[in-house]
Amino acid sequence: MELHIIYTEAEMLLSKECLDKHAGFKTSLGPWEQDAVIEYLTDEYDLKPSAAIQVNAFVASEAPTCLLTFS
């Protein structure tokens, strides 16, 4: 399974907009606070390194997307 995260501060109300811009767009996790995203990913997926490490690293980076890794 691959889980990709795209971070944006742009208001994208329609999934059609996301589909046009990001192939394979499935759903949105937001707008959520960073801690809520970490909690959700921790509860739903077995990420290695942890969701907190991966999300915090992504937010600290300037990358517009990231690929989460699983155990």
Side-chain angles (χ1 to χ4, degrees):
M1 172 195 295
E2 288 186 349
L3 182 64
H4 298 260
I5 293 180
I6 301 167
Y7 172 78
T8 181
E9 291 184 5
E11 191 169 316
M12 295 181 141
L13 298 178
L14 302 174
S15 61
K16 171 95 171 85
E17 291 176 63
C18 290
L19 286 169
D20 290 344
K21 188 171 182 179
H22 306 286
F25 174 79
K26 301 286 187 215
T27 192
S28 170
L29 294 179
W32 287 7
E33 295 293 324
Q34 185 172 334
D35 290 339
V37 172
I38 292 169
E39 181 179 348
Y40 169 78
L41 292 172
T42 299
D43 290 346
E44 296 295 322
Y45 302 99
D46 185 23
L47 299 175
K48 299 290 183 205
S50 70
I53 290 171
Q54 293 187 63
V55 169
N56 290 331
F58 173 57
V59 171
S61 76
E62 295 195 18
T65 65
C66 76
L67 177 63
L68 298 177
T69 58
F70 298 80
S71 59

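Values below: all heavy atoms of this structure, side chains included; hydrogens, waters and symmetry mates excluded. Position 1 is the first residue of the sequence; numbering continues from there.
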### Query
Roughly how far, to the nearest 0.5 Å, is the CG atom of Leu41 from the CG atom of Asp46?
12.0 Å

### Task
Determine the minimum heavy-atom distance between Ala51 and Ile38, stating which atoms define it.
CB-O, 3.9 Å

### Query
Among the clusters formed by ILVMFWY side chains lying less than 4.5 Å apart, do Ile53 and Tyr40 turn up in the same one?
no

### Query
So, Gln34 side chain and Val55 main chain: donor-acceptor pair closer than 3.5 Å or not?
no

### Task
Kindly give the heavy-atom pair with the smallest separation between Gln54 and Leu68, and that separation in Å.
OE1-CA, 3.2 Å

## Note on the structure
Looking only at heavy atoms, the pair that brings Cys66 and Phe58 closest together is CB-CD1, 3.4 Å

